[in-house]
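Taking it in order: structure first as structure tokens, then the write-up.
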Amino acid sequence: MDDLYRENILDHYRYPRHKGHLDAPDIHYHDVNPFCGDEITMEVQLEGDRISAVAFDGKGCAISQASASMLSEAILGMTLDEVKALDKEFILEMLGIPIGPVRLKCALLALKTLKAGAWGVEEWPE
Amino acid sequence: MDDLYRENILDHYRYPRHKGHLDAPDIHYHDVNPFCGDEITMEVQLEGDRISAVAFDGKGCAISQASASMLSEAILGMTLDEVKALDKEFILEMLGIPIGPVRLKCALLALKTLKAGAWGVEEWPE
Amino acid sequence: MSTLDRIRSDFPILQRQVHGEPLAYLDSTASSQKPRQVLEAMDAYYRHTHANVHRGVHTLSEEATAAYEQARLRIARFINAASPKQVIYTRNATESLNLVAYSWGRANLKPGDEVLITEMEHHSNIVPWQLICQITGATLRFVPITAQGELDFPALDQLLNERTRVFAFTAMSNVLGAINPTAELVAKAHAVGAIAVVDGAQSVPHLHSDVQALDVDFLAFSGHKMLGPTGIGILYGKRALLEAMPPFLGGGDMIREVKMTGSRWNELPYKFEAGTPAIAEAIGLAAAVEYLDQLGMDWVAQHEREITAYAWNRLHEIEGLRVLGPGPERRGGLLSFVLGDLHPHDIAAVLDGAGVAVRAGHHCAQPIHDHFGIPATTRASFYIYNTHAEVDRLIAALHKAKALFEF
Amino acid sequence: MSTLDRIRSDFPILQRQVHGEPLAYLDSTASSQKPRQVLEAMDAYYRHTHANVHRGVHTLSEEATAAYEQARLRIARFINAASPKQVIYTRNATESLNLVAYSWGRANLKPGDEVLITEMEHHSNIVPWQLICQITGATLRFVPITAQGELDFPALDQLLNERTRVFAFTAMSNVLGAINPTAELVAKAHAVGAIAVVDGAQSVPHLHSDVQALDVDFLAFSGHKMLGPTGIGILYGKRALLEAMPPFLGGGDMIREVKMTGSRWNELPYKFEAGTPAIAEAIGLAAAVEYLDQLGMDWVAQHEREITAYAWNRLHEIEGLRVLGPGPERRGGLLSFVLGDLHPHDIAAVLDGAGVAVRAGHHCAQPIHDHFGIPATTRASFYIYNTHAEVDRLIAALHKAKALFEF
Ligand SMILES: Cc1ncc(COP(=O)(O)O)c(C=O)c1O
Ligand SMILES: Cc1ncc(COP(=O)(O)O)c(C=O)c1O
């Protein structure tokens, strides 16, 4: 447990980066975690191929919100192809904490939402 | 096993009593055991209230056929009300052997058929 | 040894440590733990008796059949069913409710008919009715909930009408803890000519249940919530209703005769039990029922009332904590709460770090959470093996969570 | 110790005596026995890990969820499914087949469509199709059987046509022992645009099964016939088909979102798994699959081929005995036979007296018995733990039965 709530997670949870909405997002996608009702909206603005602005909004636990905040920071400047290639391991490394199968869904919600938006599909199937 | 096939059971199986059909039965009923496909037809002729003639026909194992044969002997002369009151214990005593739950269905098939006929219902619910 | 100590010594899992702390298992509403008596009954069955039931002439099959049917009789007695033929084995309460919806519903519902359920139902008593209403064209209606988290009786009386064919409700809410007055609700349903389908998933494990006294038409419950194994549930039904219903699943055991041109169904309860059943699980559930009976359901209910009242009081010591549902005198042994802005997942994770297992989420009852405008709650629930000391650990860990997340 | 001795020592029930004789269990086609590895896996789960899966944040629930999903992966690998999402837990093969018939069938069948099955099907692969044809107005057709007890291929080619939407057949008959050429039959179905539904209840326990190589659309099987516990079965399906299908049972776990106005379904495989699943049973089945994998399915098939060939020869020593179905080279490890006028129940009872457990009856396959004009047969079947010595005891007991009943 003390492993789970490392200071950097709590910091992103308390002071989320990029929280809010963009005026004219190129990509805008919303998803929920059916197991707990957590919600995330991811918004991305592109300049050419690269992400030039990002915002997220949502309600949820420290893990899902910190993950969205950290992910938002991480993808700024990435190309859309790079975003499409992000995987579970990327998130786990980013968070740097041990996560069981149920909380994994919280941790991955932001990425799942982002990738569905990037690929333009209804749902990203993990 | 040796308990199951006592000499009197084998005797009734080999030399069934009342096997065949009546010319003008007052009650005629046929039933099958869904678990093994055994079949019994019971026919009864009445004089007033009393059973004056009885016949059975069927295909099946030694237990079901011996039980039908012994039952046919036993009910000759009974009233219909007496037949309606016959129960599982009557059959078990008549056979005089230990019987498990699955073979019990074989042992009771003749009585089940007879009682459905006596009560005039589609099936006697044990 | 006290009764409680003796009980605890029967549950091997209570010896476990979680994150270096002894396990305080406060999640029995989701699924209970199992006493060794239940595990030993199943293990002994597999080691000495197992064979397929009903058709075998050999000794093992005869013994397995006898044990399997004896278990049914034991369970029938536990709920005071008039006959074991009215006790149908299913996988869980969910399948039991689906069986009623599909089999009774498809034969009896038509456009214009109404199915009435409540806003406090578990998804398992909502979705089957949504599906069957879609298939049959019947209309689904919901009884609302009062601010106190109880059924709105005036609204119920308005909603129940001559078009109502089914009133399906939970005897005890798995979120609010509210114990509904089952006999009274059944009578209301019958007064308008509707059948009463009771979700007993939470009531049967915790309260004495007499299907004849309650006059329920159907009662659904799960083995795993009442000390029994996973993989087994029960549907009780009134005989005439069950007799008149078409079968649900088709296959082995549920038929009397199969011809290429059609089939005839077997008698009750087999008509509704297709394929090789959960034999060991039925035997395990009978052992669970035996265990509960030996304690006595009065003892069970009394123990839970006490511990729930204690937990209710101690939880209300925590500032910003709000418990959903009625007061401790009108509820079962579970308490769902919100604590300020803290997310239930985070609360549960901190509690887990202290060895305290609680559930966080919507507990498969989204409509009631929507009703209160909250996506999720944290739920602590109690059963025969829980202690006051475990409640104290719950409270201490909640203070820790507050300290970590409140800012 | 020989492999066979080692295997036998893993099965506690084989120590049992029946009527004073050591048990010779020749009824694995009905249900197999369980090695202690399977029993221990389930017992350990209940003693150390049990909690409800999927929703819990606490340690036990995380561990239970991991074990439950790990089991799915293990079973997916055993049949070479591309993804564990294509492996749906059910109660038994019967429920798996019903799931396909109800869910796929109701969405896809209409009057004029044809469902093709065979005369050698188990009731579990007949009755669901009878029910769904009744509901949808589709027509059910049967592929006949040759005098040798094999599928009549010319007739099959005639019956498969552009109206055929489903071809459902058993990969191995539980009466005739006939092993059907699954890949070839699947290809024939696909050639006319039908889906192939394979009843693998008898094949998966005994033969290496590769769903991708066989290209089956659906495969159904039961845990209890392959060393696993009762109460669990599997439905494998092709992803696109499963994705397109409406759900079957409604309730907890199978939904993404429940609103009073309607619900959205969860992703695969959960869409088809309503309510608390058979968690311990899934873990037990994974342990069974592990056991089979360690032996190797080649060893299993080879052992059964040998013992079946031996039993075939020895049975034919008995005058008046007739085995149904193809020769030993084209069959699985089971032999159903008639012996003069002796009733199978009586034969089985005499054999039981000698400690030999065989099955007697129609084995839930009445049409094939009707085809041969016999109400019932006696069936001896073999699995990994059976020995030549047990076959010898079978033969000796059959001579005894002949002596008792022939007159
Ligand atoms: C060929 C076949 N199909 C289906 C079944 C049904 O299996 P279960 O009873 O486990 O659902 C059996 C079991 O006897 C079988 O042999
Ligand atoms: C009130 C209620 N109904 C139904 C269910 C469903 O039970 P199961 O998942 O065992 O089918 C539950 C279990 O959470 C419940 O609490």
Side-chain angles (χ1 to χ4, degrees), chain C residues 12-13 16 18 27 30-31 33-34 39 43 46-48 50-52 55-60 91-95 98 122-124 126-128 130-131 142 222 224 229-231 249-252 255 258 260 262-263 274-276 278-281 345 348-349 352 357 359-361 364 366-367, chain D residues 12-13 16 18 27 30-31 33-34 39 43 46-48 50-52 55-60 91-95 98 122-124 126-128 130-131 142 222 224 229-231 249-252 255 258 260 262-263 274-276 278-281 345 348-349 352 357 359-361 364 366-367:
Chain C
I13 206 169
R16 222 195 113 145
V18 167
D27 193 21
S31 194
Q33 297 301 343
K34 328 296 173 198
L39 304 182
D43 206 54
Y46 281 126
R47 283 168 192 267
H48 301 298
H50 175 68
N52 213 329
R55 277 154 220 283
V57 173
H58 59 78
T59 299
L60 294 187
R91 178 172 40 243
N92 48 31
T94 301
E95 192 192 10
N98 276 274
H122 186 279
H123 293 166
S124 296
I126 301 175
V127 184
Q130 289 180 331
L131 291 172
F142 287 79
S222 284
H224 71 94
T230 56
L249 302 184
I255 53 88
V258 174
M260 295 202 291
S263 299
T276 301
I279 309 167
E281 291 78 3
H345 270 184
D352 184 55
R359 195 131 293 228
C364 291
Q366 274 189 333
Chain D
I13 207 168
R16 219 194 118 146
V18 167
D27 192 21
S31 194
Q33 297 301 344
K34 327 297 174 198
L39 305 182
D43 205 53
Y46 280 127
R47 283 168 191 266
H48 302 296
H50 174 70
N52 213 329
R55 277 154 219 283
V57 174
H58 59 78
T59 299
L60 293 187
R91 178 172 40 242
N92 48 31
T94 300
E95 193 192 9
N98 276 274
H122 187 279
H123 294 166
S124 295
I126 300 175
V127 184
Q130 288 179 331
L131 291 172
F142 287 79
S222 284
H224 71 93
T230 55
L249 303 183
I255 53 87
V258 174
M260 294 201 290
S263 301
T276 302
I279 309 168
E281 291 77 5
H345 270 183
D352 184 56
R359 196 131 292 229
C364 290
Q366 274 189 331

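On a predicted model such as this, the values are computed, not experimentally measured, just so you know. Order of the sequence lines fixes the chain letters, A, B, ..., with proteins taken first and strands second; residue numbering starts at 1 for each chain.
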For chain D, the option from C/L131, C/T276, C/V18 that forms the most heavy-atom pairs under 4.5 Å: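 Of C/L131, C/T276, C/V18, C/T276 has the most heavy-atom pairs under 4.5 Å with chain D.
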Interface residue of largest heavy-atom contact number with chain D, from C/A348, C/A357, C/A51, C/A93, under 4.5 Å: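 It is C/A357.
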Closest approach of [X] to [Y] (non-hydrogen atoms, all atoms of both residues):
X	Y	result
C/V57	D/A360	CG2-CB, 4.4 Å
D/G250	C/P128	O-CG, 3.5 Å
C/G251	D/V127	N-CB, 3.7 Å
C/S124	D/G252	OG-N, 3.1 Å
D/H48	C/R16	O-NH1, 2.6 Å
C/Q130	D/M260	NE2-O, 3.7 Å

Top of D/E281, D/E95, D/H122, D/K34 for chain C proximity - count of heavy-atom pairs under 4.5 angstrom: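 Counting heavy-atom pairs under 4.5 Å, the top option is D/E281.
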Segment of C/R91 engaging chain D (4.5 angstrom heavy-atom cut-off):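 Interface part for C/R91: both.
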Segment of C/S222 engaging chain D (4.5 angstrom heavy-atom cut-off):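 Neither part; nothing is under 4.5 Å.
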Look only at the side chain of [X] and the backbone of [Y], and say whether a donor-acceptor pair between them is shorter than 3.5 Å.
X	Y	answer
C/N52	D/S31	no
C/T230	D/A280	yes
D/N98	C/L249	no

Please look at [X] and chain C and tell me whether the side chain, the backbone, both or neither of the residue comes under 4.5 angstrom of a heavy atom of that chain.
X	result
D/V258	both
D/I279	both
D/H50	both
D/Y46	both

Atom pair CG/CZ of D/L39 and C/R47 - distance to nearest 0.5 Å: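 Reported to 0.5 Å precision, the distance equals 5.5 Å.
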Value rounded to 0.5 Å, distance of CG in C/L60 from CD in D/Q33: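 C/L60 atom CG to D/Q33 atom CD measures 6.5 Å (nearest 0.5 Å).
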